[in-house]
Undergrad: 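Below are the structure tokens for one structure; questions will follow.
We name chains A, B, ... by the order of the sequence lines, and we start the count at 1 in each one. Since this is a predicted model, take the numbers as computed values, not measurements.
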Amino acid sequence: MCVLSSNDDCIVALTPEAKALGIHRGEPIFKVRDIVKQHNVVIFSTNMYLYAAMSKRVTNILRNSVNYVENYSIDESFCCLDGYEKYYDLGDFMRKIAEKIRLYKDIPVSIGVAPTKTLAKMGSKFAKNYKGYSSVCLIDNEEKRRKALSLFDLGDVWGIGRNTLAKLNSLGVDNPLQLADKSESWVKHYFTAPMYHTWLELNGKPCIDTAEMLQNKSVTTSRSFGEMITTIDLLKASVATFASSCANKLRAQHSVAGKVTVYLLSNRFRNDLDQYSNAATKPLLVKTSDSIEITQAALDALTDIFKPGIYYKKAGVILTDVTDASGIDLDLFDPIKNRQERYNLMTTIDSLNHRFGIKTVQLAVEDTQGDSWLPKSEHRSGNYLTDMDEILTIKI
DNA sequence: TCTGGGGTCCTAGGACCC
DNA sequence: TCTGGGGTCCTAGGACCC
């Protein structure tokens, strides 16, 4: 089985069976059509609504079990177990949580327990790959730490990507233990801050703080178009849709933005067409999460950079200068006289959309004008957990 | 025919200030 | 002949993550 990216373009996740057929993560699906057909590979479009809903349910189980939980991503969380060792066997404790998630959600879980996040992630990978751990791998003493470091794949260490791996290899470092055993001055001489932090973590000294990451500093919505588009009207429809989506995300996390950026991209894989890309940023006089203001600013930016005669493949809206909604600086010359009214309007729209489904109420300019530019999604699984019309039906 | 989306951090270099 | 020292802010690009 393979799961595709937006627009049904690239393979972003696949089962071991699919890997065994020679399919690779990141590959565009059209390049492996033959394999897919020949071996009846099951294909799914991506469905972030479904995954987010499932993620939330799993996270809720964690939160009910552990006092302090950080949601790192849609499928990873960090639990702080400081002090728990006085009352529990940490292996048993976490194994019960894994069993609970399997029982209620039928999702396999792997857990690493260690003094730092980098080591904990290593542990979870061991737990994932070796059934003998029964879902939980502890790296809780010096002997286990050194053994784990010596066995682990250097390129799989959190924070070591393709380029850093190549550099480490060229310096004669081939496994995480060799890296951890290097001196502080060696690490600082050849690398910069992020690598230094990884080195500290590998040596059991916690220094990566993911809590800071919980407040997003920017918010983006962007899409590749199902078909390339050329007209300003279709670009307006798409950019307005993206801008409005950004504003929704902003309100959902109770923050406001100070700048709106719009960017346009032609199709970089088409050498036969003129290439063009550009971006424009508009400041917002008063930081806001108001869909109308943000969409207007985005459309102004779009007008600045639109160039006729180009086949556009992708557009996006980025909101920056994002801060908490409390404590907004007002402006004497603010053209919007009653911000409270506008805020109430947005709150009302949000609650209508929450109750009756997304896009029950939207800006007129968000009208998609047909679906030519909408990303393709031909193998989407149902929104089983969030939409009554798509709830799973079972034949008895 | 056809190549994803949403983030963060760090650094170097330019522009500008006194 | 020959062009300081000490700062800040911003941005683009690189690297990394899921």
Side-chain angles (χ1 to χ4, degrees), chain A residues 2-14 23-34 36 43-49 51-52 55 70-78 117-118 121 124-125 155-168 188 191-198 201 207-228 242 245-246 249-250 252-253 255 258-259 261 263 265-273 277-281 283 311 313-322 374-378 380:
Chain A
C2 295
V3 179
L4 305 181
S5 65
S6 164
N7 210 25
D8 289 347
D9 284 328
C10 290
I11 294 157
V12 290
L14 65 170
I23 302 174
H24 299 104
R25 184 176 187 274
E27 220 170 3
I29 184 80
F30 73 83
K31 287 190 175 174
V32 294
R33 283 278 182 228
D34 290 345
V36 167
I43 300 292
F44 281 102
S45 301
T46 199
N47 183 348
M48 294 314 288
Y49 284 112
Y51 309 154
S55 172
E70 278 172 17
N71 257 157
Y72 175 59
S73 72
I74 198 162
D75 69 345
E76 272 181 290
S77 294
F78 290 109
K117 292 183 170 120
T118 305
K121 277 172 70 78
S124 78
K125 193 121 185 176
D156 287 343
V157 172
W158 194 30
I160 297 180
R162 190 193 295 247
N163 292 286
T164 309
L165 177 65
K167 187 171 174 184
L168 282 166
K188 285 185 169 173
F191 294 93
T192 52
M195 186 69 210
Y196 176 58
H197 293 146
T198 298
E201 290 245 328
C207 65
I208 294 178
D209 185 1
T210 44
E212 289 175 356
M213 297 161 54
L214 298 181
Q215 164 84 49
N216 287 340
K217 291 168 183 170
S218 72
V219 169
T220 303
T221 302
S222 68
R223 291 288 179 276
S224 292
F225 302 131
E227 288 171 19
M228 291 189 283
F242 303 155
S245 153
C246 282
K249 292 178 191 173
L250 219 47
Q253 62 175 45
S255 47
K259 286 181 187 167
T261 299
Y263 68 89
L265 257 46
S266 56
N267 190 340
R268 67 194 166 101
F269 294 100
R270 289 290 294 268
N271 301 324
D272 54 323
L273 299 175
S277 68
N278 207 348
T281 300
Y311 286 83
K313 180 61 181 171
K314 182 175 177 178
V317 173
I318 308 171
L319 305 182
T320 49
D321 268 10
V322 172
L374 294 175
K376 288 191 270 283
S377 184
E378 289 170 3
R380 186 175 65 79

Undergrad: Relative to A:Phe225, does A:Lys313 satisfy both conditions: NZ or CZ under 6.0 angstrom from the six-membered ring centre, and within 45 degrees of the ring's axis?
TA: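 No, A:Lys313 does not lie over the aromatic ring of A:Phe225.
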Undergrad: Could you check whether A:Thr221 gets within reach of a base, just the sugar-phosphate, or nothing at all, counting any heavy atom under 4.0 Å?
TA: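 Sugar-phosphate contact only.
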Undergrad: Charged N to carboxylate O under 4.0 angstrom, A:Lys117 versus A:Glu70?
TA: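 Looking at A:Glu70 together with A:Lys117, the answer is yes, because their closest N to O distance falls below 4.0 Å.
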Undergrad: Which part of the nucleic acid does A:Asp8 contact within heavy-atom distance under 4.0 Å: base, sugar-phosphate only, or nothing?
TA: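 It contacts nothing in the nucleic acid.
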Undergrad: Step through the shown structure and confirm whether more than 12 heavy atoms of other residues, nucleotides or ligands are within 6.0 Å of OH on A:Tyr311.
TA: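 Not more than 12 within 6.0 Å, no.
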Undergrad: Under 4.0 Å, counting only non-hydrogen atoms across every strand here, what does A:Lys313 touch: a base, just sugar-phosphate, or nothing?
TA: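 The residue A:Lys313 makes sugar-phosphate contact but no base contact.
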Undergrad: Using a cut-off of 4.0 Å on non-hydrogen atoms, how would the nucleic acid contact of A:Lys121 be classed: base, sugar-phosphate, or nothing?
TA: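 Sugar-phosphate only.
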Undergrad: Walking along DNA chain C from 5' to 3', note the first and the last nucleotide with an atom under 4.0 Å from a heavy atom of chain A, and give both.
TA: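 Both ends considered, the range comes out as C:dA15 to C:dC18.
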Undergrad: Assign A:Arg223 to base, sugar-phosphate, or nothing according to its heavy-atom contacts below 4.0 angstrom with the strands shown.
TA: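 Contact class for A:Arg223: sugar-phosphate only.
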Undergrad: Yes or no on side-chain contact (heavy atoms from CB on, under 4.5 Å) for A:Phe191 and A:Thr198, after CA distance, side-chain angles and deciding distance?
TA: CA-CA 11 Å; A:Phe191 294 93; A:Thr198 298; over 6 Å; no
Undergrad: Give one of base, sugar-phosphate or nothing for A:Val157, where a contact means two heavy atoms less than 4.0 Å apart.
TA: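 Here A:Val157 touches the backbone only, sparing every base.
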Undergrad: For DNA chain B, what is the dot-bracket line, given that a base pair needs Watson-Crick (N1 to N3, plus N6-O4 or O6-N4) or G-U wobble (N1-O2 and O6-N3) geometry with both distances under 3.5 Å, and | means paired with another strand?
TA: ....||||||||||||||
